[in-house]
J.: 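Got a structure for you, questions after.
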Amino acid sequence: MNQYFFFMRALVNPQGTENAVIRVEKMVKDEENNPLFTEDRPWEVRIDNGYPNVIYNPEQKRYQCYYTLIIEDKDCFGVSREERAKRDYCPRDDRITGVAYAESEDGIHWEKPELGICTWKGNKKNNLIFIYAHGTGVMLDPKEPDPMRRYKMVTKIDKPDGTNFMAVSFSEDGIHWQEPIPWPEYNPPADSHNLPFWNEKEKCYMVISRIWRDGIRVAAISRSKDFIHWEKPREVARGTGFQNQIYSMPVFYWKNLYLGLASIFHEGDRKDEQFDLVDLQLTYGVNPERFDFAVFGENILDRGSGTYPAGEFDCGCIFAGPPVEDTEGNLWVYYMGGNGRHTNFRETSFARASWKADKFAALIPRDRKQTSVVATSRLQFTGNCLEILADPLTEGEPFHIEAEIAPSWNQNGFENFTFASGTVKPSAEGWYSIVFEHGSWEELKGRRVVLKLRFQGAKLWALRGAFQIAEYKFEE
């Protein structure tokens, strides 16, 4: 059974669409528990972007969080919020970064254990895993046969003396790590979130990072068969000019699609009210070679209200990690929220927001009072199952969906597959079966056809069933 989302350009025929527009579905912040932790340790001089990686280990029944932070910064250390509010922050070349560790049994209450691994100001009573590590990404690899390499890390070793190189490391428990191994080839800038993941289709490891092109930040992908030797990073996504740059973009695989959580950095005009702030937007790719925005300019997680120093903890910058699915099937996106502008003083906190599985962006009416129409690209059916994921536009109110199958978007439906004979019946968990009372799916096999939908008061999220997109514009 294949599944396609309505925010995918390849699914929808733009010529056959009327009164319909894609809108993202915003995540819902955990207002009861946020923030989950803050800069509350002496060595957490400035968590800054944080680049959180949260992993749930089902064997240990434990959530593990890895986050980047600045542990030495002469312009931050010991400076009160009152003083910070009176002047600008001055980043120094002698800042020292590291990666820290926290853990939780429920994903809400977090501990920063004393690991005894790294020395900070003569003391090892801290939760630091590495020093001089920047933009660290961690994955748990359940298919790895070597228990000492189940946890895998990609990071940028960055020292104040100018020494910097990409590196990997391995761990059995996610806490005690082997000495970082430099990449044998290539040394991209990668001063951002370097998140590794497994590409099941290509049977290789990948890391999403960041490089620069024509003076702006862009997202880039690199491949590896062994997690040691990596290809030269290649650009896979960019924003628009200085005003909307992709600062970081962790990705995750979901229903045959790659989804990216792009932190969009706004530069280019110091008078603009969005200048130096960071928003979170959704991207997607059929494969990791190219990502597009689901809806460019629409944020999937709102920043908090206010400004530094009195604004909410996440009013300035948001950097997220891939979602974690809990034991009840809920998706939780953990993020670092900063209360100030990116290159100025800010304090950063760790938080989370919920996201409904499959309900990331919906096709909705542009004008609620009018009927909406959408036609798909050409499809090929291989069986007798066709379902649509839909919700009422306004909770608790009725909605209506009609369906027909036609030779093309501008032709009437086949006899037995018209709007008059098509019905939409509840299936399970928000899915609805599209049924044609007198039509046999055998009539459609081997033909390239179009599904047309008429709807009122509804959100359309996705289609699934025994079919596939059969258009030249859709490439795996």
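The residues of the chain are indexed from 1 along the displayed sequence.
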J.: Under 3.5 Å, side chain of Arg303 to main-chain N/O of Asp279, donor-acceptor pair present?
T.: no
J.: Distance check, rounded to the nearest 0.5 Å: Leu393 atom CG versus Gln456 atom CD?
T.: 11.0 Å
J.: Just wondering, are more than 12 heavy atoms of other shown residues or ligands nearer than 6.0 Å to CD in Glu185?
T.: yes
J.: Salt bridge or not for Arg464 and Glu387, using N-O below 4.0 Å?
T.: yes
J.: Quick one: does NZ or CZ of Arg210 land under 6.0 Å from the six-membered ring centre of Tyr247, within 45 degrees of the ring axis?
T.: yes
J.: Are more than 12 heavy atoms from other residues, nucleotides or ligands located less than 6.0 Å from atom NZ of Lys255?
T.: yes
J.: Donor-acceptor pair, distance only, cut-off 3.5 Å: does the side chain of Thr155 make one with the backbone of Ile157?
T.: no
J.: Looking at Lys156 and Asp191, does any basic side-chain N land under 4.0 Å from a carboxylate oxygen?
T.: no
J.: Where the side chain of Asn2 meets the backbone of Phe467, is there a donor-acceptor pair that is under 3.5 Å apart?
T.: yes
J.: Crowded around Lys425 NZ? As in, over 12 foreign heavy atoms under 6.0 Å?
T.: no
J.: Please check: side-chain N/O of Asn199 versus main-chain N/O of Met206, any donor-acceptor pairing under 3.5 Å?
T.: no
J.: Within 45° of the ring axis of Phe227 and under 6.0 Å from its six-membered ring centre, is that where the NZ or CZ of Arg149 lies?
T.: no
J.: Tell me which pairs pass salt bridge (charged side-chain N to carboxylate O under 4.0 Å, His left out) where either residue lies in residues 214-225, with sequence neighbours left out.
T.: Glu202-Arg223, Arg217-Glu267, Arg223-Glu289
J.: Is a donor on one side and an acceptor on the other found under 3.5 Å between the side chain of Tyr253 and the backbone of Trp198?
T.: no
J.: Among Phe350, Phe37, Tyr51, Tyr101, exactly one meets ring pair (Phe, Tyr, Trp, His ring centres under 6.0 Å) together with Tyr67. Which residue is that?
T.: Phe37
J.: Stepwise, does the side chain to side chain donor-acceptor pair (under 3.5 Å) test hold for Gln3 with Asp358?
T.: CA-CA 10 Å; Gln3 180 170 318; Asp358 292 335; 3.2 Å; yes
J.: Is the count of non-hydrogen atoms from other residues, nucleotides or ligands lying under 6.0 Å from Phe242 atom CZ greater than 12?
T.: no
J.: Taking the six-membered ring for Trp, are the ring centroids of Phe265 and His342 within less than 6.0 Å of each other?
T.: yes
J.: Would Arg290 and Asp292 pass as an ion pair if we require N to O under 4.0 Å?
T.: yes
J.: Anything under 30° is parallel, anything over 60° is perpendicular, the rest tilted; go ahead and classify Phe381 against Trp441.
T.: tilted
J.: Of all heavy-atom pairs between Val154 and Pro196, which one has the smallest distance, and what is that distance?
T.: CG2-CB, 3.9 Å
J.: Would you name the heavy atoms of Ala220 and Pro233 that are closest together and state the gap between them?
T.: CB-CB, 4.0 Å
J.: Looking at every non-hydrogen atom in both residues, tell me the closest pair between Asn256 and Lys201 and how far apart they are.
T.: O-NZ, 4.0 Å
J.: ring-ring contact (aromatic ring centres under 6.0 Å, His included) with Phe296: which residues, sequence neighbours excluded?
T.: Phe293
J.: If you count heavy atoms of other groups shown closer than 6.0 angstrom to NZ of Lys359, is the number above 12?
T.: yes
J.: Is the backbone of Asn416 close enough, under 3.5 Å, to the side chain of Ser421 for a donor and an acceptor to pair up by distance?
T.: yes
J.: Under the 3.5 angstrom rule, does the side chain of Arg368 hit a backbone N or O of Arg366 as a donor-acceptor pair?
T.: no
J.: May I ask you to check whether over 12 heavy atoms, not counting those of Glu415, lie within 6.0 Å of atom CD?
T.: no
J.: Output yes when a side-chain donor or acceptor of Ser104 lies under 3.5 Å from a complementary backbone atom of His109, and no otherwise.
T.: yes
J.: Could you go step by step and tell me if Asn57 and Tyr151 meet the side chain to side chain donor-acceptor pair (under 3.5 Å) rule?
T.: CA-CA 11 Å; Asn57 187 316; Tyr151 285 85; 2.8 Å; yes
J.: Would Arg150 and Glu144 satisfy salt bridge (charged side-chain N to carboxylate O under 4.0 Å, His left out), going step by step from the backbone distance to the final call?
T.: CA-CA 6 Å; Arg150 289 188 66 219; Glu144 172 60 62; over 6 Å; no
J.: How would you list, by chain and number, every residue that makes a salt bridge (Lys or Arg N to Asp or Glu O under 4.0 Å) with Asp276, sequence neighbours excluded?
T.: none
J.: Do NZ/NE/NH1/NH2 and the carboxylate oxygens of Glu312 and Lys29 come within less than 4.0 Å?
T.: no
J.: Is there a donor-acceptor pair closer than 3.5 Å between any side-chain N or O of Asn187 and the backbone N or O of Asn164?
T.: yes
J.: Around atom CD of Gln178, are there more than 12 heavy atoms from other residues, nucleotides or ligands closer than 6.0 Å?
T.: yes
